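Taking it in order: structure first as structure tokens, then the write-up.
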Amino acid sequence: MIVLITGATDGLGRGLAHALDADGHTVLVHGRSEQRIADTLAELSDRARGYRADLAALAEVRRLADEVLEHEPQLDVLVNNAGIGGRRRREESADGYELHFAVNYLAGFLLTRRLGDLPGRVVNVSSAGQAPIDFDDVMLERHFSGTQAYCQSKLAQIMFTFDLADDGATAVALHPATYMPTKMVSSPISTLEEGVDATARLVTAPAAEVTGRYFYGTREARADAQAYDADARRTLRELSERLTGA
């Protein structure tokens, strides 16, 4: 099985890359830094391959997708894992979008859509931290909060997951574990292994058991109510298509 993991040079992504590689799968390591990609690949088998892109720029997301399409005739799973935590001040992506929304959600949306039918399964690494999207101020230009920015971007991932499943794709979202020891967390609660195990399970589990669902660790859970609102999901989808040109 060939698996593309975004944000695979650190934290959960790196741990997942190790776990899947050890199980005999071919891991495509995405990262922003050529050096960190090289360091990660050095820890994996010769099957692994690397792809560099800064997901804060949609042009680079498109390039990443095009390179994967050119070099990988098969892609069994896309794990949209790359993300950023709650920033204290508002920042914008290269395209002028609020940075959490751009990196945590729009990049994965565009990458998934650009790859078309190539990934047989999409696993979106979301969070239990979710907040309804205010479609009148999605980019939080009027009232910025790092917590709101992060939580609405993570809910958007789940809404996208449900949309993909409704369209017949195999797609699943999860909160892998609570406050794992990563660079975004100062006081860990869960182990990295817990998050890796929960995510790896959704990479390989029978599609009928996981698609169109949200998991808290290994347990199926209920997402924020907005995720089940078909009108809200349509509004998000149309907005995302406009913003990304997908």
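Being a predicted model, the structure only gives us computed values, none of them experimental.
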Among residues at least two apart in sequence or on other chains, which ones pass salt bridge (Lys or Arg N to Asp or Glu O under 4.0 Å) with [X]?
X      : value
Arg233 : Asp163, Asp166
Arg14  : Glu43
Asp66  : Arg114

Please write out which residues are connected to Leu140 in a hydrophobic cluster, directly or through intermediates, given that two of Ile, Leu, Val, Met, Phe, Trp, Tyr count as joined at side-chain heavy-atom separations below 4.5 angstrom.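 Cluster partners of Leu140: Phe144.
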Linking Ile, Leu, Val, Met, Phe, Trp and Tyr by side-chain heavy atoms under 4.5 Å, what else ends up with Tyr214?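 Reading the cluster by chain and number, Tyr214 sits alongside Ile158, Phe162, Tyr216, Tyr228.
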Partners meeting side chain to side chain donor-acceptor pair (under 3.5 Å) with [X] (sequence neighbours left out):
X      : answer
Arg113 : Glu241
Asp231 : Arg234
Ser240 : Tyr105
Thr235 : none

So, does [X] use its side chain to make a donor-acceptor pair with the main chain of [Y] at under 3.5 Å?
X      : Y      : value
Asp23  : His25  : no
His18  : Leu44  : no
His100 : Gln152 : no
Thr6   : Asn81  : yes

Taking the side chain as everything from C-beta on, heavy atoms only, tell me whether Leu4 gets closer than 4.5 Å to Pro119.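 Not touching, per the 4.5 Å side-chain cut-off.
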Can you name the side chain to side chain contact (heavy atoms under 4.5 Å, CB included) partners of Ala200, sequence neighbours left out? Leu16, Leu20
Identified side-chain contact (heavy atoms from CB on, under 4.5 Å) partner of Leu243 from the options Leu58, Leu106, Asp95, Leu110: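 Only match with Leu243 under side-chain contact (heavy atoms from CB on, under 4.5 Å): Leu106.
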Are Glu67 and Arg63 within salt-bridge range, i.e. N to O under 4.0 Å?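 Here Glu67 pairs with Arg63 in a salt bridge, since their nearest N and O are under 4.0 Å apart.
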So, for Leu41 and Gly50, which heavy atoms are closest and what is the spacing to 0.1 Å?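 Closest approach of Leu41 to Gly50: CD1-N, 3.8 Å.
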Selection residues 197-211 - residue pairs positive for side chain to side chain donor-acceptor pair (under 3.5 Å), sequence neighbours left out: none
Qualifying salt bridge (charged side-chain N to carboxylate O under 4.0 Å, His left out) pairs, either residue in residues 133-156, two or more places apart: none
